[in-house]
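Data block below; observations after.
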Amino acid sequence: MKNFYSSFVLGSVLSVVSASVLAKNNITLWPKIEPPIEKNAQLEAQITHIINKMSIEQKVGQMVQAEITWVTPEDVKKYHLGSVLNGGGTFLHNDRNASVSDWVAFMDELYLASMDTTEGGLAIPVTYGIDAVHGNNKFIGATLYPHNIGLGAARNPDLIYKIGEATAKEVLLAGIDWTFAPTLAVARDDRWGRTYESYSEDPEIVASYSKQMIEGLQGKANTKHFLDDDHIYSTAKHWVGDGGTYQGIDQGDNRETEKDLIKNHAAAYFPAIEAGVQSIMASHNMWNGQRLHGSKYLLTDVLKTRLGFDGFIVGDWNSHSKIPGCTNDSCPQAVNAGLDMFMVVEDWKAFIKNTVQQVKDNVISIERIDDAVRRILRVKMRSGLFSKGLPSTRKYANQVNLLGAPEHKAIARQAVRESLVLLKNNNNLLPLSPNSKVLVAGDGADNMSKQTGGWTINWTGEGNVKTDFPGGTSIFDGIDQLVTKAGGKAVLSPDGSFDEKPDVAIVVFGENPYAEWIGDLKSIAYQAHSHRDAKLLESLKAQGINVVSVFLSGRPLWVNREINASDSFVAAWLPGSEGIGVADVLFTNEKGKVEYDFKGKLSFSWPKYASQVVLNRFDKSYEPLFPYGFGLSYKDKVKLGKLTTDNDFVFETPTNSPYVIMQGRAKGDWNYQLQTAEQIMDVQTPTGKVPGLSMIEADKDIQGDAKEFTWTGSNLASALISSTWYREDLSQYLINKSALTFDVRVESPPEKALYVQMGCGKSVCGKFDIAPILNKFKPNTWNNLSIDLLCFANKGVEFERSSAPFALTSEGAAKVRIANVQFEPNTSHKATIKCD
């Protein structure tokens, strides 16, 4: 089916493909569900009355959801837009610190524009969507709950309901009425970058949580609380199969049979529909070669007809454009397949124009348009948008006291406690006495960005600082509070150094934040080349210190070396803003009594071998290190032996072609950045300048194939080939023994050290001073210089998610030209700078 489908790319033949796909499907495999909310004849009549008064342009406008960066209130009025959203990385008025009152005022502007009946307009309220996926996570000061992977380990459906209720209130206070949550993905390959958005690898937990979260957000269907002033409407996402793509590639191809698709990935949607979920988001992925956004079978025949879903289907970020024959601004295939609201983002004006014309040309039937509009209006009426009035007049509007309210933080703190999974506790080191000398080490100990993960304030969660979380507590904060109160002493030392030997070391470490495809991995081996955190643990153990590891991650990873170097090992996932919940469980109270034991049980199987990238409960061959459902408590007396540290993962197709980073222009999704301590400048033009450093175009072999960098010596400054958003797994170039190679021409020799570095998240690390080498080169002549990539790995560079494959830093005067930067396979043995 996949090969047949991929051989056709023109929209005119998609119907042939759909017919072929449909012929191989069996709709009787799906349960038949009756809509949980009985049809309201009066409401349907109102909808019909409105539809009959609408022009084609107004109808298509209701089907469009534009992104906040590219839309104004005047646009909402002029184009009759049905919805506005903000993406994970965008902010109101481009201000990440926009106040609640600013948000409410903007919601009022959008509402008034949508209700303006002058110039032939119809009063249809606009709806605003936001990704409130672990609390109202776009807002500074909001309560942030553990990501779904942690909640799955808690095994507490009642807690999920409470989180939904509390989240709804923190969304409502901003005048917003719709969240793109919950995610009902069932992650089957831990390499997937969205694994942490999944409650479990098994549909059992996801299905048990589905109804609870939706009822918490929306209220219970067929009661007076359903979509009342205390609730918002929700989105079950992403329909369907997003967690089962081949090799865990985000937005890739799910190749499961229809029976397995239902069993593994659709099962959680049945209770969601029965709970009255009002919108469902179509997924980016394919199912056996066909994009979900273009699948009439799965959107219309299954979801709307067989499963009785009577809300509306919303698209994901420009995902309709991935259908063969479609673009961002034109996709009749998706309309005809059953997509009701299009997340067009930027190109929505052209989309409206093209779709209107396609209706007039009978490419899209008016009946399909009317069905989409009816579904959208039905949800708007059910949720009270026609009667609730201005957002600023609604019950919770501008109630800033609810943002991070104590009662919400208490729920989040409970969720943190219950999500922690104790994997190892040799000699029952835990629980600890708070009246102790505690060394708190690791780069995650006092790192709110790391413990909150992706979808936090911005899209990837990178770059957030502690002041972005007023009222929140880092893991160190919680330990310090508890230990100090009991008369002990907690010392923060990320690198593990100390003046006074501690009684115990708690080391907090793990993955840096990411979102979606940026988090995709080729291997689940943690720090497989740098082993930075394992070395820290081993150093502490070598000094005779007992070690408790608290591992922050969005998925199970192969961490055998780290587990071996730990007396106790805790999977803490991504706990959110209330890091104090970790300390609650690690320590007894002042009297030595356990107040909170470990409750968490793995909702994902934990790998014994690095090759176990696909490891799921009920697999025919199932040999985990810790099985699904595992989790120790303080009553357990279990001693874990030494684990193998042989990395048995083999890349399927290690490349032997050079990875080209720069040939005058930065390649791929990389771009130039110039940085000082005070400024970061993305340079999209051939030249750029920041204090202390300038960049101009230069030539080596042809015009513009090099860059000239000039440091004045006035301050520390860096030139990077990097990206503020893009990350790439380049670890295969370590496997095939590559070297970083580049051509360099010295115009003015460096007066001080000139470092070659690479990206480490938002910063750089792994520096090598090339000034002594450059000073030996003949001036104004081109030379080649190379550095074994292993040298960078030894200094802590993580190639699994590279943020900058090349950087130059100096605080002394220098002028050099650079060309042909690349990773060259099988050249590490002859590199200028080699490492063991």
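The residues of the chain are indexed from 1 along the displayed sequence. Scope of the values below: all heavy atoms of this structure, side chains included, with no hydrogens, waters or symmetry mates.
Between Phe551 and Trp606, the ring planes are perpendicular. Angles over 60° get that label, and only those under 30° would be called parallel. Using a 30° and 60° split on the angle between ring planes, Phe799 and Phe792 fall in the perpendicular class, above 60°.
A donor-acceptor contact shorter than 3.5 Å is absent between the side chain of Asp446 and the backbone of Ser474.
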Exercise. Go through the steps for Thr473 and Met448 under the test side-chain contact (heavy atoms from CB on, under 4.5 Å), then give the verdict.
Key: CA-CA 8 Å; Thr473 52; Met448 295 296 289; over 6 Å; no

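With no hydrogens or angles considered, no side-chain donor-acceptor pair links Gln247 and Trp192 at under 3.5 Å. There is a side-chain donor-acceptor pair under 3.5 Å between Asn156 and Glu418. Asn589 and Glu595 share a donor-acceptor pair across their side chains, judged by distance under 3.5 Å alone. Side-chain contact of Asn435 with Glu590: a donor-acceptor pair under 3.5 Å is absent, judged by distance alone. Under 3.5 Å, the side chains of Asn560 and Tyr609 contain no donor-acceptor pair of N or O atoms.
Here Tyr622 and Tyr628 keep their ring centres 6.0 angstrom or further from each other. Tyr196 and His147 have their aromatic ring centers within a separation under 6.0 angstrom.
Taking a cutoff of 4.0 Å between a charged side-chain nitrogen and a carboxylate oxygen, Asp567 and Lys424 do not qualify as a salt bridge. Lys263 and Glu256 are not joined by a salt bridge, as no carboxylate oxygen comes within less than 4.0 angstrom of a charged side-chain nitrogen.
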Side-chain donor-acceptor pairs under 3.5 Å in residues 576-585, sequence neighbours left out?
unit_1, atom_1, unit_2, atom_2, d
Ser577, OG, Leu144, N, 3.1
Ser577, OG, Leu144, O, 3.3
Glu578, OE2, Lys409, NZ, 2.9
Asp584, OD1, Arg413, NH2, 2.8
Asp584, OD2, Arg413, NE, 2.7
Asp584, OD2, Arg413, NH2, 3.4
Asp584, OD2, Arg417, NH1, 3.1

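The side-chain heavy atoms of Tyr514 and Glu462, taken from C-beta on, include no pair separated by under 4.5 Å. Considering only heavy atoms from C-beta on, Glu170 comes within 4.5 Å of Thr143 through its side chain. Counting heavy atoms from C-beta outward, Cys765 and Gln757 have side chains that stay 4.5 Å or more apart.
A cation-pi arrangement is absent between Lys522 and Phe649 under the rule of less than 6.0 angstrom and at most 45 degrees off the ring axis.
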